[in-house]
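Below, chains carry the letters A, B, ... as their sequence lines are ordered, and counting in each starts from 1.
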Amino acid sequence: MAPELLSPQKLEEFRKRVTRLEHPRELVIDVLRAIQEEYGWVPDEGVVLTASLLGLSPLQVEEIATFYDKIFRQPVGRRVIHVCDSICCWSRGSEGIVRHLQDRLGIALGETTADGAFTLLPTCCLGACGQAPAMMIGFTLYGHLDAQKIDAILAAERTGGTP
Amino acid sequence: MKKHTLLLFKNRRPGECVFLEEYRRQGGYTALAKALKQMDPAAVRDAVKASGLRGRGGAGFPTGVKWSFFPSEQPGQKYLVCNGDEMEPGTYKDRQLLEADPHQLVEGMILAAYAMQIPTGFIFIRYAYRQAMHNLERAIAEAAQAGLLGQNILGSGFSFDLHVHGSAGRYILGEETALLNGLEGKRANPRSKPPFPAVRGLFDKPTTVNNVETLANIPHIIQGGADWFAGLAYTEKGAGTKLYGLSGHLERTECHELPIGITLGDLITEYGGGVWKGRAFKACLPGGASTPFLTAEHLAVPLDYEALEQVGSRLGTGGVTVFDDHTCMVAATLNLNRFFARESCGWCTPCRDGLPMVSWLLEKIEKGQGNMDDLDMLRGQVRNINGRSFCALATGAMGPVESLLRLFEEELVDHIRRGRCPLAN
Ligand SMILES: Cc1cc2nc3c(=O)[nH]c(=O)nc-3n(C[C@H](O)[C@H](O)[C@H](O)COP(=O)(O)O)c2cc1C
Ligand code: SF4
Ligand code: FES
């Protein structure tokens, strides 16, 4: 079954919230995030749906959707890997970590593996500077990374478990 | 070393989070009861002002002074916004606080709202902080259930509603006016100031924006009193404690609550376990990615707002990132600058075009392809960007670059003379 943009319950919940708000527009990130969590990314239809829910034009939604780097306007893999390249992670070897991830996955930054399992993206600081080098897969944070640990994490994430 | 008091991390236990029952057992919400029963709003504002608390979000503006500009007596809608964006590299203190003890922020916000007579609050929280967001949602529900939030709090007649807003990631959303646009569901470019948020903020209503750590301090000030709070610091002008997040080339990289004014050297040796691998200290960022570097000659400097300004840097967020003597400072600055260039919102030219230019120059020098003219170009960029950007992002970005030129000129020249990075292996 094709995934829905939003489940009927979610859609109903947003419709209700909109009527209670003086400025429905404040929900735009919530709606986009909800679509992304259900559908994996935000397709054009998601932008149109968000716009119609909140009484905005699709362009008004689009200029917000494209502003944030954690909203995806293109298809991504089942798991998105955000690997931190900011200063604390850099100081503890993030460049090597990024190389290792690219080697293991056989893709460059910004790409998705052929089996659709992973998309690899660089990210700014994850607020895990004390556990550097760090990455986030979905919403799960992994710190103190080294090559061995990454291999175990990838193997577990591929099968849907946690290492 | 003097013994110190823990406020914000008093209840912190590894891997655990304190919720209502335990928070109350440890004395939580007594400050709220005290304020609502014994103090009028002006008395709460006065206490915060007298405490000397300065904003923990990076700029260090005195909190009581900020609150005194707020039109508290004006009737109608007003907003209190907690800034939990925390995307300055090296900064992870707010996360530590929210994952350990979220009710402190909730109580602090109710007190702040009472002090400024604000009926509605928002906690703006970054994308990556899912656990912190869940903790807050639970804490808010518990507080509402217990009559500590919502209508007629503790029978005082004061009402306050609190909401959590999840963001989707961009450093600029930490800038308070960009954050307000983000909260409104608009593109998060900063707004021009004045008017300041206290006059025209969220949905055009008077708004106070404060950092997570700032607000979490309020219950302790009300509970212990302004003088007691001020006296917690090691320095005369400092006040209270600070969450210092350690990172970089240290043996131990953890977040500690310590008195304002602990020296950089003590922080590194006593709490960071010293520079890793037995190496020597070369430099550090004392308060996040936008603060100018310090070097070994600054190890005795107390980490407070005044002392750091005197040596040309800033306390910022208190996130201390240490670099050992194997670090190329040109490469480190390049990494920092790339972060700011990527996170530029693109609104103004000095930032949108200037930061990539700075990255280009630093990269050229780091690769050994620079010449002496590039140093002048770099200085020119710093002059032209500093203070001329629409918001403080680009000016902040110049902090490390300016200090690289000031403190590590020899290293820059060495790159150019040798035609390669002297520290690359
Ligand atoms: C680019 C930029 C990013 C910022 N990021 C944050 C942040 O993540 N958290 C924060 O509290 N303040 C941040 N600030 C500072 C806020 O604009 C504001 O000064 C602060 O939230 C006020 O709270 P305080 O007075 O309690 O420190 C940032 C400022 C700039 C210019
Ligand atoms: S300084 Fe940078 S982030 Fe700030 S308004 Fe200008 S372009 Fe945007
Ligand atoms: S710098 Fe990588 S998590 Fe902060």
Exercise. Would you find more than 12 non-hydrogen atoms of other residues, nucleotides or ligands less than 6.0 Å from B:R279 atom CZ?
Worked result: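 Above 12, so yes.
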Exercise. Is the CH2 atom of A:W41 crowded by more than 12 outside heavy atoms at less than 6.0 Å?
Worked result: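 Correct, the count exceeds 12.
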For this session: Name the region of A:L141, side chain, backbone, both or neither, that has any atom closer than 4.5 Å to a heavy atom of chain B.
Result: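 Side chain only.
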Problem set entry | Side-chain ion pair, A:E37 and B:R130, N-O less than 4.0 Å |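 Yes, this pair counts.
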Part of [X] lying under 4.5 Å from any heavy atom of chain A:
X      : value
B:F122 : side chain
B:T321 : side chain
B:Y129 : side chain

Measuring only between side-chain heavy atoms, which start at C-beta, is [X] closer than 4.5 Å to [Y]?
X      : Y      : result
B:K186 : A:R25  : yes
B:F323 : A:I87  : yes
A:F67  : B:L173 : yes
A:P122 : B:R342 : yes

Of the listed residues ([options]), which shares the most heavy-atom pairs with chain A below a 4.5 Å separation?
options                     : result
B:A168, B:A128, B:G169      : B:A168
B:M87, B:R95, B:R252, B:K93 : B:R95
B:R126, B:H165, B:E343      : B:R126

Which pair of heavy atoms, one from [X] and one from [Y], lies closest together, and at what distance?
X      : Y      : value
A:C88  : B:P89  : SG-C, 4.4 Å
A:W90  : B:C328 : CH2-O, 4.3 Å
B:G182 : A:Y68  : CA-OH, 4.0 Å
A:R92  : B:T253 : NH1-CG2, 3.6 Å

What is the distance from atom [atom1] of [X] to atom [atom2] of [Y], rounded to the nearest 0.5 Å?
X      : Y      : atom1 : atom2 : result
B:F339 : A:D85  : CZ    : CG    : 9.5 Å
A:S91  : B:L285 : OG    : CG    : 9.5 Å
A:C129 : B:E88  : SG    : CD    : 10.0 Å
B:E86  : A:L126 : CD    : CG    : 11.5 Å
B:Y92  : A:Q131 : OH    : CD    : 8.5 Å
A:I71  : B:R170 : CD1   : CZ    : 12.5 Å

Exercise. Any donor and acceptor pair, going by atom type alone, linking the side chain of B:R187 with main-chain N or O of A:Q60 inside 3.5 Å?
Worked result: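 Not at all, since once roles are kept as given, no pair shorter than 3.5 Å links the two residues.
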For this session: Apply the test side chain to side chain contact (heavy atoms under 4.5 Å, CB included) to residues B:F203 and A:E22: give CA-CA distance (whole Å), side-chain angles for both, the deciding distance (0.1 Å), then the verdict.
Result: CA-CA 10 Å; B:F203 303 118; A:E22 198 183 337; over 6 Å; no
For this session: Could you tell me which of A:I64, A:V61, A:V28 has the largest number of non-hydrogen atom pairs under 4.5 Å with chain B?
Result: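 Most heavy-atom pairs under 4.5 Å with chain B: A:I64.
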For this session: Name the member of A:A128, A:C89, A:C124, A:P24 that forms the most heavy-atom pairs with chain B at distances under 4.5 Å.
Result: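 Of the candidates given, the most pairs with chain B belong to A:C124.
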For this session: Assert yes or no for the condition that the ring centre distance of B:Y127 to A:F139 is strictly below 6.0 Å.
Result: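 Ring centres of A:F139 and B:Y127 closer than 6.0 Å.
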